[in-house]
There are 2 protein chains.
Amino acid sequence: MGDTWSALADPTRRAILHLLRHQNRTAGDIAGHFAMTKPSISHHLGILRQAGLVTAQKKGQQVEYALNTTVFQEILGFIAQLTEGEKEA
Amino acid sequence: MGDTWSALADPTRRAILHLLRHQNRTAGDIAGHFAMTKPSISHHLGILRQAGLVTAQKKGQQVEYALNTTVFQEILGFIAQLTEGEKEA
DNA sequence: ACTATATTTAGATAATTTTCTAACTATTAA
DNA sequence: TTAATAGTTAGAAAATTATCTAAATATAGT
């Protein structure tokens, strides 16, 4: 399992996650939103998949990607640790 | 202002933030906790400072670093966007 | 003024990452 | 079975990053 933090460090990958916010999308659909080749997007999708941030499911000829938000717990936990015991504005 | 996400992508930098969780610490104190040279830690501190995740204040001969948690809003906002409209476990 | 301590800056090297083109695999359609 | 479409894999080049040693700066003490 790859590192969540470094998967999120790249702006293209964060934009991909944002694209998947409301709908699942095929690899080609996703690639269509970026000024980048398909292999590059495929690489980014692989990293997101390894980090568990997306899941991939083959649908005939295409591969449908979906957001998986459960992984964010790790990040929220880290931030909670650092911000615990603070008062609100 | 440097990028918050990439500042947090490095495990050494996250460990530094964790060290600053309850107390402010000098650069040397921080460096003492890692199997890494002082210049390397100084470099990481610079990146954290640029990202606004820590503040630095000169205290005589030393430099005291403190955690700044306000920057986490950006990250929490991103995650909130992606997780909005989900039910709880 | 010298010496010691704390920290940063500079420059180099090694490792990692991003992106590309070309080639490959799998599925669908003619 | 041949051709077209969707996607991934392989390999290379360019850029970025992490780390080191050596040198520089700033403060404090003798």
Side-chain angles (χ1 to χ4, degrees), chain A residues 1-20 23-68 71 74-75 78, chain B residues 1-20 23-68 71 74-75 78:
Chain A
M1 176 82 78
D3 176 26
T4 313
W5 286 105
S6 32
L8 288 166
D10 184 272
T12 300
R13 290 195 288 268
R14 290 198 301 275
I16 290 173
L17 296 179
H18 193 261
L19 265 179
L20 295 172
Q23 324 142 41
N24 297 349
R25 291 180 189 270
T26 64
D29 179 340
I30 294 167
H33 285 80
F34 297 92
M36 202 177 289
T37 63
K38 278 189 214 183
S40 296
I41 294 297
S42 182
H43 169 248
H44 285 303
L45 288 170
I47 288 168
L48 289 172
R49 196 156 23 102
Q50 266 207 300
L53 286 159
V54 302
T55 56
Q57 197 182 353
K58 188 140 197 183
K59 290 261 173 86
Q61 207 170 0
Q62 19 215 70
V63 177
E64 188 180 89
Y65 283 86
L67 186 62
N68 175 24
V71 181
E74 177 192 341
I75 284 166
F78 176 80
Chain B
M1 177 80 80
D3 176 25
T4 312
W5 286 104
S6 31
L8 288 166
D10 184 272
T12 300
R13 290 195 288 268
R14 291 197 301 275
I16 290 173
L17 295 180
H18 193 261
L19 266 180
L20 294 172
Q23 325 141 40
N24 298 349
R25 292 181 190 269
T26 64
D29 180 341
I30 294 167
H33 286 79
F34 297 93
M36 202 178 288
T37 63
K38 280 188 209 182
S40 296
I41 295 297
S42 182
H43 169 248
H44 286 303
L45 287 170
I47 288 168
L48 289 171
R49 196 153 26 98
Q50 266 208 300
L53 286 159
V54 301
T55 56
Q57 197 182 353
K58 190 141 197 184
K59 289 262 173 83
Q61 207 171 359
Q62 20 216 72
V63 177
E64 188 179 88
Y65 283 87
L67 186 62
N68 175 26
V71 181
E74 176 193 341
I75 285 167
F78 176 80

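In what follows, chains are A, B, ... by sequence order, proteins preceding strands, each numbered from 1.
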Heavy-atom check, side chain of [X] versus side chain of [Y], under 4.5 Å:
X     : Y     : value
B:T12 : B:I41 : yes
A:R14 : A:D10 : no
A:R13 : A:L8  : no

DNA chain C contacts among residues 38-53 of chain B, heavy-atom distance under 4.0 Å =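 Residues of residues 38-53 of chain B under 4.0 Å from DNA chain C: B:K38, B:P39, B:S42.
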Which residues, if any, of residues 24-35 of chain B bring a heavy atom under 4.0 Å of DNA chain C?
->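 Within residues 24-35 of chain B, the residues near DNA chain C are B:T26, B:A27, B:G28.
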Closest non-hydrogen atom pair, [X] against [Y]:
X     : Y     : value
A:A7  : A:L48 : O-CD2, 4.4 Å
A:V71 : A:G52 : CG2-O, 3.1 Å
A:A9  : B:D3  : O-OD2, 4.0 Å
B:Y65 : B:L20 : O-CD2, 3.5 Å
A:I75 : A:T4  : CD1-CG2, 3.7 Å
A:A27 : A:L45 : CB-CD1, 4.1 Å

Measure the acute angle between the ring planes of B:W5 and A:W5, then classify it against the limits of 30° and 60° as parallel, tilted or perpendicular.
->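 Rings of B:W5 and A:W5: tilted, 30 to 60°.
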Rounding to a whole Å, what distance do you find between [X]:[atom1] and [N]:[atom2]?
X     : N      : atom1 : atom2 : answer
A:D3  : C:dT17 : CG    : C1'   : 14 Å
A:M36 : C:dT21 : CE    : P     : 12 Å
B:I16 : C:dT7  : CD1   : C1'   : 14 Å

Given that B:A56 and A:K58 both sit by DNA chain C, which one's nearest nucleotide is further toward the 5' end?
->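 The residue closer to the strand's 5' end, by nearest nucleotide, is B:A56.
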Check whether the side chains of B:T26 and B:E64 place a donor and an acceptor atom closer than 3.5 Å, and report yes or no.
->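 No, because no side-chain N or O of B:T26 sits under 3.5 Å from a partner of the opposite role on B:E64.
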hbond_proxy B:Q61 side chain to C:dT5 base (donor-acceptor, 3.5 Å cutoff) =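 Present.
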Tell me, please, the opening and closing nucleotides of DNA chain D, 5' to 3', among those with an atom under 4.0 angstrom from a non-hydrogen atom of chain B.
->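 Span of nucleotides near chain B: D:dA18 to D:dA28.
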Residue-phosphate contact under 4.0 Å: B:Y65 side-chain N/O, C:dA6 OP1/OP2 |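 So the side chain of B:Y65 is outside the cut-off, no N or O lying under 4.0 Å from OP1 or OP2 of C:dA6.
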